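Below you'll find the structure, written out as structure tokens, and then a few comments.
Values below: every heavy atom of this structure, side chains too, minus hydrogens, waters and symmetry copies. The chains referred to below are lettered A, B, ... by the order of the sequence lines, with proteins before strands, and numbering in each begins at 1. Note that the structure is predicted; figures quoted are calculated from it, not measured.
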Number of protein chains: 2
Amino acid sequence: MRHNYIYHGDCADVLKKFPEDHFALAITSPPYANKRGGPKVNTYVDWFQPIAKELYRVLRDDGSFVLNIKECVVKGERHTYVHDLIGMLRGMGWLWVEEYCWHKRNSFPGKWPNRFRDAFERCHHFTKNKHFCMYQDEVRVPIGDWSKSRLKHLSATDRQRDPSKVGSGFGKNVSNWVDRDTVFPTNVLHMATECGNKQHSSAFPLWLPEWFMRLFTKEGDTILDPFLGSGTSAVAAKCLKRKFVGIEVNKQHVETARERIRNDKGRKGAG
Amino acid sequence: MRHNYIYHGDCADVLKKFPEDHFALAITSPPYANKRGGPKVNTYVDWFQPIAKELYRVLRDDGSFVLNIKECVVKGERHTYVHDLIGMLRGMGWLWVEEYCWHKRNSFPGKWPNRFRDAFERCHHFTKNKHFCMYQDEVRVPIGDWSKSRLKHLSATDRQRDPSKVGSGFGKNVSNWVDRDTVFPTNVLHMATECGNKQHSSAFPLWLPEWFMRLFTKEGDTILDPFLGSGTSAVAAKCLKRKFVGIEVNKQHVETARERIRNDKGRKGAG
DNA sequence: GTTCCGCATGAATCGATAG
DNA sequence: ACTATCGATTCATGCGGAA
């Protein structure tokens, strides 16, 4: 298996040749059911099952699998194929650790008589074990404005309590407050808070895989996207100095993705 | 059955005495599994089943049922009891029309090694039929500054698709004015855009049931909350000139709710 | 009257400890 | 091995009182 390479083929086949216990993160946005030539809802789980099996095999025991997916509407109802999918994965041994909510603030315009525009998707976080790699400090966000007044007051209190330590520069209290420039995010992701990047127009925006890659991997780790599409995950991994392996069945997409990787300078061409 | 009244008792029993095909909306936030003395996750669906049966019976054929609920964590994993609940309801004949995402800006603080703070809940929208009452114009929101710039970038086809059916009966000028300054919301609810009400510190904030009541009922309709709690739904219904019927098993809560209804002048005492 | 500041407090979850 | 309880962690907001 080659690193920093995009394989052309069906991931159900290609994955079989990959070594086990290898990837720190598998992150993907598979074809949704009934969309863009994706599987039909009633066959979706069966279609995904062998792929999930291989993903489980190739993922490191302390690794994570992030699955971006969304229910579709069938006959006026949200379909439950995502619930069924989660059930299948849990039956296979995956732990459904968390469901992140990706709030799409620029959702597609439209109007229907029985629903509003759909402005969120899920990013399901699965692992093989209760303990796994998670680098929470890597995704801290700037603290809100509300804290400025409070921070002012707290530093004053700190000074009153122990003036001598402030001057020394190494007081425990002081170092605690310095850390308060940033806080941990929540499980609701929206570009405004999670990233300073202006790039946010595509179906799978660059900042989204970047966020999960920073959260679940470190530099030098290897990341897999079995449905690479136009290569967003690969670009994100390259930006973050992670190794990537992508698989894509559509030859046109493979070439687009390879081109993006070749041309990418920092963030250029992303989206 | 009395209108604008709060019944004390177990809703599974109380509902049996209510007439069928009566309520325009049932909206509730039942006790979550493993929380606040609520049922355990493994008994939750069986516990809810007979209640759901009665709700189906008493709801009008063109009515809606809005269920606010959230998964809890069990042994490091999100539990799937909400999925099972949706499956049970669908098996009973309910249509799972939509899942609204309530983005909670004041989520509970905390830090854990495997997850971040939970900042969203779901509001599941069920109906008995594909066609149901939905008054979308009642929840239009003022257009935000962000969208003004975005409007510039809308394609010609997007603009042409505008239905411009709003304000029939009024002059065309009115309809244009409405179209330009307000917009339909998405299925992601957050107090900032959906409501100007400052009251939103409680577990089930007033603006949330208000929003669904405006969306799914009109003045004079009758609304049911089988788990009324401290009476937020009843206050909301009263504010909006809808009739309400509440059921609450905890005598203390019943008295709190009755007191709130008596004292309520507009929005006072909500929360 | 406005603005500012202190404070309480939420549908939480984990890991350790105790029975 | 399994359940029950407890301490520690943590931040956005409204409210009330003060400047």
Side-chain angles (χ1 to χ4, degrees), chain A residues 95-99 125 127 129-132 134 136-137 139-158 160 176-177 179-188 190 192-193, chain B residues 28-44 48 67-79 81-82 85 101-124 190-192 195-209 225 227-230 232-233 250 253 267-271:
Chain A
L95 302 179
W96 183 42
V97 174
E98 179 60 308
E99 180 181 287
H125 177 209
T127 66
N129 292 290
K130 280 185 69 171
H131 294 97
F132 50 86
M134 191 177 193
Q136 301 189 346
D137 287 328
V139 294
R140 281 171 168 270
V141 295
I143 200 163
D145 288 340
W146 62 270
S147 69
K148 283 173 185 163
S149 59
R150 187 169 182 163
L151 203 60
K152 221 189 316 179
H153 163 72
L154 286 171
S155 57
T157 311
D158 194 40
Q160 270 184 333
N176 278 343
W177 297 126
D179 279 343
R180 295 309 168 101
D181 287 343
T182 59
V183 299
F184 292 111
T186 68
N187 61 357
V188 177
H190 45 111
T193 55
Chain B
T28 198
S29 190
Y32 297 1
N34 291 2
K35 297 277 181 279
R36 281 197 193 173
K40 300 297 174 196
V41 283
N42 51 340
T43 63
Y44 199 90
F48 203 85
L67 181 67
N68 166 228
I69 201 163
K70 175 72 190 193
E71 286 83 1
C72 57
V73 174
V74 177
K75 293 178 185 165
E77 264 190 297
R78 287 280 165 204
H79 199 274
Y81 81 94
V82 176
L85 184 65
C101 172
W102 166 25
H103 183 182
K104 296 169 68 170
R105 310 181 66 178
N106 57 339
S107 56
F108 204 91
K111 184 183 185 305
W112 307 277
N114 56 351
R115 67 189 63 251
F116 289 129
R117 290 179 301 137
D118 190 11
F120 73 105
E121 301 203 12
R122 341 302 193 74
C123 293
H124 297 280
H190 46 114
M191 198 274 305
C195 155
N197 180 11
K198 294 295 177 209
Q199 175 62 53
H200 60 104
S201 58
S202 76
F204 195 45
L206 189 62
W207 65 265
L208 190 69
D225 188 342
F227 300 96
L228 189 66
S230 59
T232 305
S233 297
N250 180 307
H253 286 350
R267 302 198 175 279
K268 229 186 247 172

Once you measure the plane-to-plane angle for H79(B) and Y81(B), does it fall in the parallel (<30°), tilted (30-60°) or perpendicular (>60°) bin? tilted

In whole angstrom, what separates H103(B)'s NE2 from dC11(D)'s C1'? 13 Å

At less than 4.0 Å, is any side-chain N or O atom of R105(B) found next to OP1 or OP2 of dA12(D)? Yes or no. no

Which residues pass the side chain to side chain contact (heavy atoms under 4.5 Å, CB included) test with N42(B), not counting sequence neighbours? K40(B)

Pick the nucleotide of DNA chain D nearest each of K40(B) and F184(A); which residue has the one closer to the 5' end? K40(B)

Any chance you could list the contact pattern along nucleotides 12-19 of chain C? Use B for base contacts, S for sugar-phosphate-only contacts and - for none, protein heavy atoms under 4.0 Å, 5' to 3'. BBSS----

With sequence neighbours excluded, what pairs up with P31(B) under the side chain to side chain contact (heavy atoms under 4.5 Å, CB included) test? P39(B), W47(B), F227(B)

Using the test side chain to side chain donor-acceptor pair (under 3.5 Å), find all partners of E71(B) that sit at least two apart in sequence or belong to another chain. R122(B)

Do F132(A) and H125(A) have ring centroids that are under 6.0 Å from one another? yes

If the condition is side chain to side chain donor-acceptor pair (under 3.5 Å), which residues does N114(B) pass it with, not counting sequence neighbours? none

Would you sketch DNA chain C in dot-bracket for me? Only Watson-Crick or G-U wobble pairs with both distances under 3.5 Å count, crossing pairs as [ ], other-strand pairs as |, the rest as dots. .|||||||||.||||||||

Before giving the answer on side-chain contact (heavy atoms from CB on, under 4.5 Å), spell out for H190(A) and H103(B) the whole-Å C-alpha distance, their side-chain angles and the decisive distance to 0.1 Å. CA-CA 11 Å; H190(A) 45 111; H103(B) 183 182; 4.0 Å; yes

Whole angstroms only, please: what is the CZ-C1' distance between R117(B) and dT10(D)? 7 Å

In whole Å, I'd like the distance from the CG atom of N106(B) to the P atom of dT10(D). 19 Å

Donor-acceptor under 3.5 Å (N250(B) side chain, G229(B) main chain): no

